[in-house]
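Order of the sequence lines sets the chain letters (A, B, ...), proteins ahead of strands, with each chain counted from 1.
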Protein chains: 4
Amino acid sequence: MTRVGVWLIGARGSVATTAVLGALAVRSGAAGRTGCVTERPEFAGARLPGIGDLVFGGHDVSETGLRESAERLAGAGVLPAHLPPALADGLDRTERGLRRGLDDVSGGVRRGDVDRLEADLREFSEREALERVVVVDLSSTEPRPGAYAEHTDADALEAALDTGTARIPASSAYAYAALRAGCAFVEFTPNTGPRLPALARLADRSGVPWAGSDGKTGETLVKSALAPMFAARALHVRSWSSVNLLGGGDGATLADPANAESKLASKARGLEHMLGHGPDGPLHIDYVPDLGDAKVAWDHVSFEGFLGARMSLQFTWSGYDSALAAPLVLDLARLAAHAHRQGRSGPLPELAFFFKDPVGTREHGLAEQWRALTSWCAAPAEEAE
Amino acid sequence: MTRVGVWLIGARGSVATTAVLGALAVRSGAAGRTGCVTERPEFAGARLPGIGDLVFGGHDVSETGLRESAERLAGAGVLPAHLPPALADGLDRTERGLRRGLDDVSGGVRRGDVDRLEADLREFSEREALERVVVVDLSSTEPRPGAYAEHTDADALEAALDTGTARIPASSAYAYAALRAGCAFVEFTPNTGPRLPALARLADRSGVPWAGSDGKTGETLVKSALAPMFAARALHVRSWSSVNLLGGGDGATLADPANAESKLASKARGLEHMLGHGPDGPLHIDYVPDLGDAKVAWDHVSFEGFLGARMSLQFTWSGYDSALAAPLVLDLARLAAHAHRQGRSGPLPELAFFFKDPVGTREHGLAEQWRALTSWCAAPAEEAE
Amino acid sequence: MTRVGVWLIGARGSVATTAVLGALAVRSGAAGRTGCVTERPEFAGARLPGIGDLVFGGHDVSETGLRESAERLAGAGVLPAHLPPALADGLDRTERGLRRGLDDVSGGVRRGDVDRLEADLREFSEREALERVVVVDLSSTEPRPGAYAEHTDADALEAALDTGTARIPASSAYAYAALRAGCAFVEFTPNTGPRLPALARLADRSGVPWAGSDGKTGETLVKSALAPMFAARALHVRSWSSVNLLGGGDGATLADPANAESKLASKARGLEHMLGHGPDGPLHIDYVPDLGDAKVAWDHVSFEGFLGARMSLQFTWSGYDSALAAPLVLDLARLAAHAHRQGRSGPLPELAFFFKDPVGTREHGLAEQWRALTSWCAAPAEEAE
Amino acid sequence: MTRVGVWLIGARGSVATTAVLGALAVRSGAAGRTGCVTERPEFAGARLPGIGDLVFGGHDVSETGLRESAERLAGAGVLPAHLPPALADGLDRTERGLRRGLDDVSGGVRRGDVDRLEADLREFSEREALERVVVVDLSSTEPRPGAYAEHTDADALEAALDTGTARIPASSAYAYAALRAGCAFVEFTPNTGPRLPALARLADRSGVPWAGSDGKTGETLVKSALAPMFAARALHVRSWSSVNLLGGGDGATLADPANAESKLASKARGLEHMLGHGPDGPLHIDYVPDLGDAKVAWDHVSFEGFLGARMSLQFTWSGYDSALAAPLVLDLARLAAHAHRQGRSGPLPELAFFFKDPVGTREHGLAEQWRALTSWCAAPAEEAE
Ligand SMILES: NC(=O)c1ccc[n+]([C@@H]2O[C@H](COP(=O)([O-])OP(=O)(O)OC[C@H]3O[C@@H](n4cnc5c(N)ncnc54)[C@H](O)[C@@H]3O)[C@@H](O)[C@H]2O)c1
Ligand SMILES: NC(=O)c1ccc[n+]([C@@H]2O[C@H](COP(=O)([O-])OP(=O)(O)OC[C@H]3O[C@@H](n4cnc5c(N)ncnc54)[C@H](O)[C@@H]3O)[C@@H](O)[C@H]2O)c1
Ligand SMILES: NC(=O)c1ccc[n+]([C@@H]2O[C@H](COP(=O)([O-])OP(=O)(O)OC[C@H]3O[C@@H](n4cnc5c(N)ncnc54)[C@H](O)[C@@H]3O)[C@@H](O)[C@H]2O)c1
Ligand SMILES: NC(=O)c1ccc[n+]([C@@H]2O[C@H](COP(=O)([O-])OP(=O)(O)OC[C@H]3O[C@@H](n4cnc5c(N)ncnc54)[C@H](O)[C@@H]3O)[C@@H](O)[C@H]2O)c1
Ligand code: NA
Ligand code: NA
């Protein structure tokens, strides 16, 4: 059996909609595979599940349907205007498989909540007769959570779920449900998700691999290509200032400093690792509604060369986040399924290439991450099943 | 014996002056090693000759002495103003070891010319009691040469030298003399130098390694960090437009389109290799005297992502070419001496990291080049002597 | 009578199509007036002909109809996708009024050619019952013409037309016909058009005003706002380097250096006037087909301040030339009709605000031009009719 | 009598030091007048006091002398290295004329404080036998003050001074003293200074003119040249995002949000006036110590053209604030003395050209301000004395 399920948390958001529509378009031949990393020749030998073999479902808390969301993105120039109508049937079919997500967790997550999410996953797998399911978190960025016993201690977490008082973010509730349902998990947002220490034992027992976190699509991607250049050339980076201007749903969420905090943290971590020291300079994320789904980032790097020469590099990145992120969602679903097939469990450092804040490794340099990824996929697969 | 000679062709030019002054400054503790690649921890095990063990000599055809040249560069802000006076003695000592270069080759190179150059190298080695000598070409960019029998056929070259009619560029005459004198050679310019097929047999027989060509210091360096990013992410680069504004001696030379031709060729070659296709877009090198020794480069990359999304990246690089190039000259001298010690002869593809147009390899990506370089230097040295 | 005719040379090109479609959209309420200078409050008192009162016709030598042209522009994102179908009737009506232009003038322009063009103008005016007609040249940039007697001497021109050997560019043939037909003329391209000295007497006799040349829409517009800033602040601009990347039909034409020559000349002239001296630095126009109808320009200004401090300003302009030019075409048609109504004849320096290479004035600074324009329009109109 | 005094508050800061050194250099012929607006031909007829006729004194609270301050600026590349030693005598002479400023006003300003400041001004004027004195505030940016009765009511202010409890910022204490001493005042910082309503009567009675506030030297200067361009072209600016990176003493002060507040306010005000509406977008001032006395600013403007076309302009400004500000200080001293000679009192809107937040006018466009300034200086002077 080769059909693989992809269950999207935040299934009606911009990234998710673009991923679903894109997979439909690729399958029907209406679009090409530009931006799909796993379509490169380096992955040909790995026998990954095909894009055409992916089946989509998901949770969301918004009422705006996939079609409407796709039309909005087409109107904003992110998607070609002809695709949403051409693929309306496929969108509607996916829409029917979506389920109500977990909305307000401020009162505490209950046993019944995670049971329901788990049941949704199991039902999806059976209904669609899937080989396996990968859950991908694409929901809105959450505020950084406080520190509670049920975050670090697995038993405390179980107890708190039983009493309906588990103070865990929704993303971690989804991760809990996924692990229980035996589904691989991809944390594409800066949310906590499966990074809660209390979930480690569960991932282990369930034999479930997971990857994360925070998809590396724009300014941080460029940083991870440039910072190793300065390091290898023994040039001393004195300051690195970054500004990100973005509109769109993600921008609106990040306009709240509480939500931006976790994003800023995952963006900042890498530079210090790549350069060997933390340079001066601000890191801004600004909500500029006018920009809509476009994102403009400016970075200014001031560096010192031989005999104290002062030089600079600056770049402006102008991209569509959803168009950058969506193919990576497909890549990650394929690769996580591949790891699961191979019997891997726990964090997947080989997928660091895709993330701003990679788990299980301190390597932030893009080229080294690429090498780790392609080496893993080139290795003869020892399938567990 | 551990003192290693570095013989600079174009010894009074900006790069050469900065390299000599810089080595003196590092040795005396007046300056640090920022920008010196071979001072990174990755090279600690390779037992390269120390910067303090390098002894400098060279050829030039200009009358402006090293001190004057250093003062000019300090006045332009490339070097700290206090260094040239503080190191005047060392500069004068080096100046006394410089010899008159080969000036006008338009009438044909003669046996006597190359004999004289070879004798200068042998005299340097003996006078200074050197373990070995590395010749580094830092002379002005030459016009791209025509095609002649003596370029491809070793015997034809010898015969033409005998009759004083060898139509080879000065850089190749220097390379010939170096090979005869048993000196490793580094072609840091886009000049032909040792790339003449007629010189291959000689390099082989003399057991002399060589590296080249055209130091990768500015806009091309950034390109070689960024282009692999687009490729690995399966993003389709549609156009890549480049503008280089530079004053200084090098800029004045390149203002002549005949001279710029070889530079443009070495800059362009890499992009196609890294991307797998040659994108649209101009590549300009403009002489802007006002900029002096500063160089400003602007690149605009237009690329396509998933579902045809159109995005762009642009960067502005603002650097001092001499400050960027000089430490690489020291690196290359140390590494070429190291290869020579190891008994290597012919082209050194492991040094591609340093060049716009690397010999013996088609790899232009910076990170892959870095890996090749550091792997080679990490390998247990099997010294030939 | 208030309907004013606008006869476009190059009526099926990008700028012309956008102007026609835009006027239809404004009239029908389907679009706003953003970018229309003459809709600003400063012009309210001048009683210009309304946008809704403009009637379009024109010459072209291409077979691609207005509708097809509009659809292509919508596909490229220059026009909203919904407009061409919504306004198809209006486009078709205009299309029916277009006439075959003057194609190949390499054999010499004949009396019959200009007579036919004049007849087309007269027929348009009568058919549509127009108060007056303004001819606007929006045709492809021509190569810079040689120098001939018939360019400077009105009688020589008449004689050459009689013998069918007038070596004048097509744009000047159109201008000749317009002046004969009593139509005001706007030279929106860098073409020679009415600037031929041999046409001055004719303009005078016909009592016809004309404006030009070369619409100032992008990088030159920004230049004309910034250069006066440096001058007023007594900052010394040392170099000003400009790069223009453009695809589209205009880009393809300018890819031929012969055609680019006149454009480069009109772009360069202003800087020297505004700064009081001509700074260093290249001025490139590059054809980058990938960019389609988008234009990207980068300017780098190096300047000196008090006590020799070296500073820089750089900007990147990213625009759609047709969207920038089209509303100015409407503005110029209204303003030229206004001048004609006022009894003006010959060059109109008051319209310098719109042009890279303004006639009848050496003022290139945008703010001064704006003041001249608005003062003229604020003055109580002394209508000639 | 023609010697005019310039009394600098913050006399040992970067701007003040550069102004003093620059005036000495101009007088001695060691430097030119680049950056001095009032040296342009437009001012030739106004018979302003000459740069060589300015005599400097001032208040500061720092112990770092003018020579040390000048050497630091030379080391940072802001001033030529040869100037401070060459002009050491002049610096020392000025240094001897400096007086201790008003340090900590947190306990309330006392009558004795302002009396002492006034006495310093009178002593300066007599000692140097000056025609008149202009006081220029170049001190550190203060936190934005609270609202108190003594700010708006002149009598309340006098009473509070008498009881030693006047809650006014130091800048306003300096302004009070200047008005009492009959000195014209220039508020070059965003500080409150003479803008306190309670000071208006005093300025009037003393017949003293004043100008301000907050010198327009960098990013805001460019804004004031570009924003009117968008407005005149009827282009709709949707967002304007600004980032200012600066090190130096001013940067360190502004790193404290309390101090930055007044600066941000004066920077923001203008855009809305020039565009007719307030666009989206952040305005950041970031302290990046690494940049030292250099300032780098990036602005991104997203605008809409005809038929909704979306376009952008971005610029990067890289300047030395002190080199930009210092000649304006000389200009303002000359112009304020000129106004005083003419018998002007109260705010001088004609000097808006120099300020981010001009008093007495809402005109922020650079070109209009230039016209107002030059018209005033071209007018036949009716001197009051
Ligand atoms: N686009 C990129 O380049 C990129 C890169 C890295 C990370 N991300 C992250 O991906 C996420 C999605 O981005 P987007 O642009 O699609 O945002 P979006 O706002 O368009 O979509 C988020 C979706 O999540 C849904 N949602 C919110 N709370 C939920 C909950 N508790 N349960 C289920 N669904 C919930 C929302 O209703 C919405 O449909 C964000 O967290 C973003 O930070 C995006
Ligand atoms: N600086 C960089 O970043 C960089 C990078 C790659 C390559 N390069 C190349 O390095 C070379 C040197 O650059 P530079 O900035 O020092 O230039 P430069 O003009 O300052 O120096 C060139 C020197 O070569 C000398 N010379 C000319 N012809 C000679 C001959 N026949 N024999 C001996 N000497 C001769 C000149 O007299 C001069 O002193 C150039 O070819 C340049 O293209 C420089
Ligand atoms: N778009 C701008 O911002 C801008 C600014 C200044 C000047 N211009 C000038 O405006 C002109 C039009 O630009 P465009 O982008 O619309 O170009 P385009 O190539 O799309 O259109 C030019 C049109 O002129 C027609 N043409 C060519 N030769 C002709 C002839 N002899 N008689 C009649 N028609 C002829 C062509 O068939 C074509 O339809 C160009 O000359 C351009 O340089 C444009
Ligand atoms: N440089 C520019 O382009 C520019 C433009 C506009 C405004 N400004 C303003 O000019 C001022 C000076 O800038 P700078 O770069 O010279 O700063 P700086 O920090 O180098 O100098 C400020 C000086 O003011 C002194 N000072 C502080 N409090 C004082 C007090 N109560 N009385 C007297 N002196 C006092 C300090 O000791 C210091 O010497 C700042 O407020 C800045 O915001 C500068
Ligand atoms: Na992103
Ligand atoms: Na400033």
Any A:Phe354 side-chain heavy atom under 4.5 Å of A:Val37 side chain: yes
Atom pair CG (A:Leu335) and CG (A:Leu330), whose distance is rounded to the nearest 0.5 Å: 11.0 Å
Heavy-atom cut-off 4.5 Å, strictly under: side chain, backbone, both or neither for A:Val301 against chain B? neither
Using every non-hydrogen atom in the two residues, find where A:Leu313 and A:Phe303 come nearest and quote the distance to one decimal. N-CE2, 4.0 Å
Report which part of A:Ala231 has an atom under 4.5 Å of a heavy atom belonging to chain B: side chain, backbone, both, or neither. both
Could you pull out the closest heavy-atom pair between B:Leu328 and B:Leu324, with the gap in Å? CG-O, 3.4 Å
Exercise: identify the closest heavy-atom pair between B:Ala367 and A:Ala367: CB-CB, 2.9 Å
If you count heavy-atom pairs within less than 4.5 Å of chain A, which of B:Ala326, B:Ala323, B:Gly32 leads? B:Ala323
Between B:Leu226 and A:Phe315, is any pair of side-chain heavy atoms under 4.5 Å apart? no
Heavy-atom distances under 4.5 Å only: say whether A:Phe353 touches chain B with side chain, backbone, both or neither. both
Pick one of side chain, backbone, both or neither for A:Leu307, based on which atoms fall under 4.5 Å of a heavy atom in chain B. both
Are there donor-acceptor pairs under 3.5 Å across chain A and chain B? List atom names and distances.
| from | atom 1 | to | atom 2 | distance (Å) |
| --- | --- | --- | --- | --- |
| A:Gly35 | N | B:Ala234 | O | 2.7 |
| A:Arg40 | NH1 | B:Ala231 | O | 2.7 |
| A:Lys216 | O | B:Arg233 | NH1 | 2.8 |
| A:Lys216 | O | B:Arg233 | NH2 | 3.2 |
| A:Ala231 | O | B:Arg40 | NH1 | 2.7 |
| A:Arg233 | NH1 | B:Lys216 | O | 2.8 |
| A:Arg233 | NH2 | B:Lys216 | O | 3.2 |
| A:Arg233 | NH2 | B:Phe353 | O | 2.7 |
| A:Ala234 | O | B:Gly35 | N | 2.6 |
| A:Ser312 | N | B:Ser318 | O | 3.0 |
| A:Ser312 | O | B:Ser318 | N | 2.9 |
| A:Gln314 | N | B:Thr316 | O | 2.9 |
| A:Gln314 | O | B:Thr316 | N | 2.8 |
| A:Thr316 | N | B:Gln314 | O | 2.8 |
| A:Thr316 | O | B:Gln314 | N | 2.9 |
| A:Ser318 | N | B:Ser312 | O | 2.9 |
| A:Ser318 | O | B:Ser312 | N | 3.0 |
| A:Phe353 | O | B:Arg233 | NH2 | 2.7 |
| A:Glu368 | OE1 | B:Arg371 | NH2 | 2.8 |
| A:Glu368 | OE2 | B:Arg371 | NH2 | 3.0 |
| A:Arg371 | NH2 | B:Glu368 | OE1 | 2.8 |
| A:Arg371 | NH2 | B:Glu368 | OE2 | 3.1 |

For A:Leu235, which atoms come within 4.5 Å of any heavy atom of chain B: side chain, backbone, both, or neither? both
For B:Ala74 and B:Ala81, the nearest pair of non-hydrogen atoms, with its separation, is CB-CA, 4.0 Å
Residue A:Leu221 versus chain B: region with a heavy atom under 4.5 Å: both
Turns out that what part of A:Pro327 lies under 4.5 Å from chain B's heavy atoms comes down to both
Out of A:Ala225, A:Ala294, A:Ala232, which one racks up the most heavy-atom pairs below 4.5 Å with chain B? A:Ala232
If we only count heavy atoms from C-beta on, is the B:Val15 to B:Val329 side-chain gap below 4.5 Å? yes
Validation row: B:Leu291, B:Leu246 side chains within 4.5 angstrom (heavy atoms): no
Cut-off 4.5 Å, heavy atoms of chain B, and the answer for A:Ala25 is side chain
Of the backbone (N, CA, C, O) and the side chain (C-beta and beyond), which part of A:Leu73 lies under 4.5 Å from a heavy atom of chain B, both, or neither? neither
If you define the side chain from C-beta out and look only at heavy atoms, does anything of A:Phe306 sit under 4.5 Å from B:Leu21? no
Rounding to 0.5 Å, atoms CZ (B:Phe355) and CG (B:Leu348) come to a distance of 9.0 Å
